Amino acid sequence: MFIWDYKTKNFRPKNEKQWQWFLIRKINYGDFKGLKKEVVRKYFPKIKEKLDPGKRKMLEIYFGF
C-alpha cells in the first residue's frame, strides 16, 4: 500500500503526543510494518477512540481487551 501523506519510514517519535499520532496514522492506514506489540499495547487505551472501528476491534481481540 502506498501512503502518500507523510514519510514515516525513518521517523521515530520522541514524546507521548508523537507516539500517539504515529500509531493512529499507521494503524488507520493499515501500515502495521515495523510496529511493536508492546508499544501498541501501551498506547492502545489512549488512541482507541481515534482508530478505524474495524481496526480497533481487531486490536481489541488480538490484545484480549
Side-chain angles (χ1 to χ4, degrees):
M1 168 186 247
F2 177 72
I3 300 173
W4 56 269
D5 63 343
Y6 295 101
K7 294 182 182 179
T8 60
K9 186 175 183 178
N10 296 322
F11 175 75
R12 287 295 153 227
K14 295 175 178 68
N15 59 42
E16 293 279 320
K17 285 249 189 224
Q18 288 179 1
W19 269 111
Q20 290 176 24
W21 171 84
F22 179 72
L23 292 172
I24 291 166
R25 189 208 156 281
K26 288 200 50 112
I27 292 168
N28 280 341
Y29 281 97
D31 184 13
F32 294 97
K33 187 175 183 179
L35 293 182
K36 296 189 186 235
K37 182 178 180 179
E38 305 82 36
V39 174
V40 177
R41 181 184 267 282
K42 176 182 175 182
Y43 289 101
F44 185 76
K46 295 176 183 177
I47 67 171
K48 68 180 180 180
E49 296 303 319
K50 295 181 180 175
L51 296 176
D52 173 84
K55 291 185 176 81
R56 179 177 60 229
K57 188 66 174 171
M58 175 189 70
L59 290 171
E60 286 173 343
I61 292 169
Y62 179 71
F63 290 122
F65 289 125

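Keep in mind it's a predicted model, so treat the numbers as computed, not measured.
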Rounded distance [0.5 Å steps], [atom1] in [X] versus [atom2] in [Y]:
X: Phe22; Y: Arg12; atom1: CZ; atom2: CZ; answer: 4.5 Å
X: Arg56; Y: Ile47; atom1: CZ; atom2: CD1; answer: 11.0 Å
X: Lys46; Y: Trp19; atom1: NZ; atom2: CH2; answer: 12.5 Å
X: Leu51; Y: Phe44; atom1: CG; atom2: CZ; answer: 6.0 Å

Taking the side chain as C-beta and beyond, is there a heavy-atom pair between Leu23 and Leu35 under 4.5 Å?
yes
Check against side-chain contact (heavy atoms from CB on, under 4.5 Å), Phe32 and Val40
CA-CA 10 Å; Phe32 294 97; Val40 177; over 6 Å; no
With a sphere of 6.0 Å drawn around OH of Tyr62, does it hold more than 12 non-hydrogen atoms of other residues, nucleotides or ligands?
no
Can you establish whether the number of heavy atoms outside Lys48 located under 6.0 Å from its atom NZ is more than 12?
no
For Lys33 versus Lys26, what's the shortest heavy-atom pair and its separation?
O-NZ, 3.1 Å
Counting N and O atoms only, with roles assigned by atom type, does the side chain of Asn28 sit under 3.5 Å from a partner on the main chain of Lys50, one being a donor and the other an acceptor?
yes
